[in-house]
Amino acid sequence: MQDSADFISFFYKLVSEAVRGLLAGWGIEKLADMYTLEPASRRGHGDLATSMALVASGMINHPPRQLAEELVAAMQANQGLKELTRFEVAGPGFINFFLKEDALVGAVGSALALGTHFGSGDPDHPEKILLEFVSANPTGQLHVGHARYAAYGDSLKRVLAFLGHDVTTEFYINDYGAQMEIFGRSLAARYAQTLGLEAELPVDGYRGDYPRRVAARIAGEIGDRLRDEVTPAPSAAAIDFFRERGCEIVLAEMKAELDGFRVDFDSWFSEASLYAVGAAQKIVDKLKGPGETETREGALWLKTTRYGDDKDRVLIRKHGEPTYFASDIAYHFDKATRPQHFNRLINIWGADHHGYVARMKAAMQALEPLVPENERPQLEIIIGQLVNVIERGERRQMSKRKGTMVTLKELLTGIGVDAARFFLVDRSHDSAMDLDMEKAKLKSEENPVYYVQYAHARICSIVRKAEADGFRMINYDGYSGLSNQERQLIMDVLFFPQVVDGAGRMREPHRLTAYGRALAASFHVFYHNCPVLGAEPQAASFRLDLCRLVRSTIATSLELIGVSAPQSM
RNA sequence: GCGCCCGUAGCUCAGUUGGAUAGAGCGUUGGACUACGAAUCCAAAGGCCACAGGUUCGAAUCCUGUCGGGCGCGCCA
């Protein structure tokens, strides 16, 4: 029937071919490649539907139903298409497709033959993508906000890679600057206290249990060797030591936790490493050349308003230190000029950083002359909304410095990886999310992830039984008499490639959780209405293959969001 | 004040880039296992898609305005 393409894409192209000439005659040929083909919304409307005639009607000002009739005539002239379906014009001018049974039966077999590649892509223009997310300060534990971005970013990576793009993930370590300094001082103070010395946390110091534990661990490593360096006030060398050692310990723990959350970064990039080579100063000097900067009020500014920002931004402060913005430009310049030649840089930022987008994009434009024209990557910034923690009906302020946030660790021990990832990815990243830990723990057993996993386990059970019973598959070409439930299940599973494609293109992995739920529901309904192994031999063979396809599709859709697909539960 | 995001069933949220009669889970009510797994299924109830205009064959979806909520608007990171 088709080679590597999935059935729906194949069908789409057949329709395109059939109507292209007609559309070209009307001067709207482009519609052949941008019309919509969707699952019919309800029974009686067939299996697939297109609003092509309605859209064409708006473009050339002809009555839609008449256009629909002409389009159908063109489709009927396409022999391949005619073998797959019959047509009907309905309502204001929809064209409904009623797929023939052998087309559906054949499509299941073809999809199954693709194995785990069903739904995977081979894009016309594969991209080399550097995807950056989480990027937390190494001054404490990862919290549920980070968990949300980790789940989202990692799922997006899996989806884009599945679609055939070359994706590298990166964690940018903000291990430089005032926050790190305060963290080092906080650890020094806690260290002194573990030795029984009098020491006070800095005013803005990191409170809570976590820095205390890190300090205790360092004390275990070095004993009282730095006793004289930390009191009455820590020496510069002591601060450096605690900052660096603390950073190492925190990062190691973050890696371990992310690993437990099934999030694996290809690269960890240190901000401090940029300073070690003077990268911020260097990039600022390069920007001075083409007149992108200006000195004002004793500071050096980047004229970002030239590129749509609402005000210019400081690169070098009055007292000579580069701003975070300057080092971020150095970082982005680095990303733009790596030997891999990424053609797309995707950053996932929290909503609290959205005000930063305009200046970063402006900076990228200012950098353009410094990067060869055919090597300039496109910068794409995705803003993820925040997670609100609800406690006893009230919002709880999350503060790392006060040590009052709900941690990723808490989430994992409370509700587990599968439930947590499913829950976090299930909502659009564009909507703020309320998380009530008490309810989340109570509700973890009714998390929809189990509904989807159960469908998978159930199918595994059927397949196991088939093997145990020595079930023999027979050829089911020509099988007919599809029930409504199996027809629905077939259509749902055949649409998987379009769902993955949309999830990748729109950067919306949450479409996969919705899809997984819908496919599982469709399967459960099928299961209750259509015996598999008990059916007559041809039906049994077909249904068993359908089950296998659904099983592997559920497994893939879960895999793409980092959730396991158990064989039994 | 300005900018971005959001407002859909009692609660938590989807809604395939503008499609046909608005969807799911939880909760409520009532049903289905001597059956390939009841972590399931079936049925009922529940809606002025915040509000008001506009665009068109058609709007939860796009535009304008209003109201309400979140987040920003540093020579912090």
Side-chain angles (χ1 to χ4, degrees), chain A residues 36-42 44-45 49-51 54-55 57-58 63-65 90-94 96 137 174 176-180 271 296-301 310-311 313-319 321-325 327-328 350-358 383-386 388 395 423 426-434 436 439 443 445-448 450-451 453-455 457-466 469 471 495 498-499 501-503 505-506 508 510-511 513-515 517-518 520-521 523-525 527-535 540 543-544 547 568-569:
Chain A
T36 60
L37 181 67
E38 31 195 312
S41 48
R42 57 195 74 249
H45 289 166
T50 179
S51 57
L54 292 161
V55 176
S57 165
R65 284 202 60 116
F94 290 102
N96 293 332
N137 286 7
N174 296 129
Y176 185 88
Q179 291 309 314
M180 286 309 295
E271 181 186 4
R296 205 161 66 214
E297 299 156 37
L300 185 73
W301 302 67
D310 52 2
K311 52 181 96 163
R313 308 292 174 175
V314 172
L315 290 173
I316 306 290
R317 284 179 269 237
K318 202 178 345 187
H319 302 297
E321 326 88 71
T323 58
Y324 177 80
F325 183 45
S327 78
D328 218 14
D352 52 342
H353 286 79
H354 81 260
Y356 198 78
V357 173
I383 297 300
Q385 296 299 317
L386 305 174
N388 303 311
R395 296 183 48 177
F423 176 84
D426 195 30
R427 285 122 173 96
S428 162
H429 69 276
D430 225 1
S431 291
M433 168 190 309
D434 286 345
D436 185 324
K439 282 188 188 168
K443 292 180 72 147
E445 288 183 17
E446 61 199 36
N447 187 302
Y450 301 117
Y451 181 80
Q453 290 180 322
Y454 183 62
R458 218 176 199 184
I459 298 173
C460 289
S461 173
I462 295 173
V463 173
R464 274 194 302 268
K465 180 163 170 53
D469 294 354
F471 181 85
F495 257 93
Q498 281 63 41
V499 173
D501 184 65
R505 273 202 345 273
M506 302 305 293
E508 292 181 350
H510 76 273
R511 293 181 186 214
T513 59
Y515 176 77
R517 254 202 299 246
F523 171 74
H524 287 310
V525 172
Y527 175 86
H528 276 269
N529 288 281
C530 308
V532 178
L533 302 177
R543 287 176 180 173
L544 194 56
C547 283
S568 64
M569 49 194 290

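A note on names: the letters A, B, ... follow the listed sequences, proteins ahead of strands, and every chain is numbered from 1.
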Query raised in the report: Counting only distance, no hydrogens or angles, is the base of B:A24 paired donor-acceptor with the side chain of A:Asp426 under 3.5 Å?
Result: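 For A:Asp426, whose side chain was compared with the base of B:A24, there is no donor-acceptor pair (under 3.5 Å).
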Query raised in the report: Does B:G1 pair with anything, Watson-Crick or G-U wobble, both distances under 3.5 Å, and if so, with which nucleotide?
Result: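 Answer to the pairing question: B:C73, which forms a Watson-Crick or G-U pair with B:G1.
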Sticking with atom [atom1], work out how far [N] lies from [M], rounded to a whole angstrom.
N: B:G10; M: B:G74; atom1: P; result: 41 Å
N: B:U61; M: B:U16; atom1: P; result: 12 Å
N: B:C63; M: B:G69; atom1: C1'; result: 23 Å
N: B:A50; M: B:C6; atom1: P; result: 12 Å
N: B:U28; M: B:C73; atom1: P; result: 44 Å
N: B:A14; M: B:C75; atom1: P; result: 36 Å

Query raised in the report: If you look at every heavy atom in A:Pro92 and A:Leu54, which pair is closest and at what distance?
Result: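 Closest approach of A:Pro92 to A:Leu54, heavy atoms only: O-CD2, 3.6 Å.
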Report task. Mark this stacking check for A:Phe94 against B:A20 as yes or no, applying ring centres under 5.5 Å and ring planes under 30°. Result ->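 The ring of A:Phe94 is stacked on B:A20.
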Query raised in the report: What do you reckon, do A:His45 and the base of B:A20 stack, with centroid distance below 5.5 Å and planes below 30°?
Result: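 It does: the two rings, one from A:His45 and one from B:A20, meet the stacking criterion.
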Query raised in the report: Does NZ or CZ of A:Arg458 fall inside the cone over A:Phe523's six-membered ring, less than 6.0 Å from its centre and within 45° of the axis?
Result: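 That pair does not qualify as a cation-pi contact.
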Write out a two-atom table: protein N or O, nucleotide N or O from nucleotides 75-77 of chain B, distance below 3.5 Å.
unit_1: B:C75; atom_1: O2; unit_2: A:Lys318; atom_2: N; d: 2.8
unit_1: B:C75; atom_1: N4; unit_2: A:Glu297; atom_2: O; d: 2.8
unit_1: B:C76; atom_1: OP2; unit_2: A:Arg317; atom_2: NH1; d: 2.3
unit_1: B:A77; atom_1: OP1; unit_2: A:Arg317; atom_2: NH1; d: 3.4
unit_1: B:A77; atom_1: OP1; unit_2: A:Arg317; atom_2: NH2; d: 3.1
unit_1: B:A77; atom_1: OP2; unit_2: A:Tyr324; atom_2: N; d: 3.1

Anything under 3.5 Å between a protein N or O and an N or O of nucleotides 56-59 of chain B, put it in a table, one pair a line.
none

Query raised in the report: Since syn is defined as within 90° of 0, does B:U17 count as syn or as anti?
Result: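 In terms of base orientation relative to the sugar, B:U17 is syn.
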Report task. Kindly assign one of parallel, tilted or perpendicular to the pair A:Tyr356 and A:Tyr324, based on the angle between their ring planes and the thresholds 30° and 60°. Result ->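 It falls in the tilted class, 30° to 60°.
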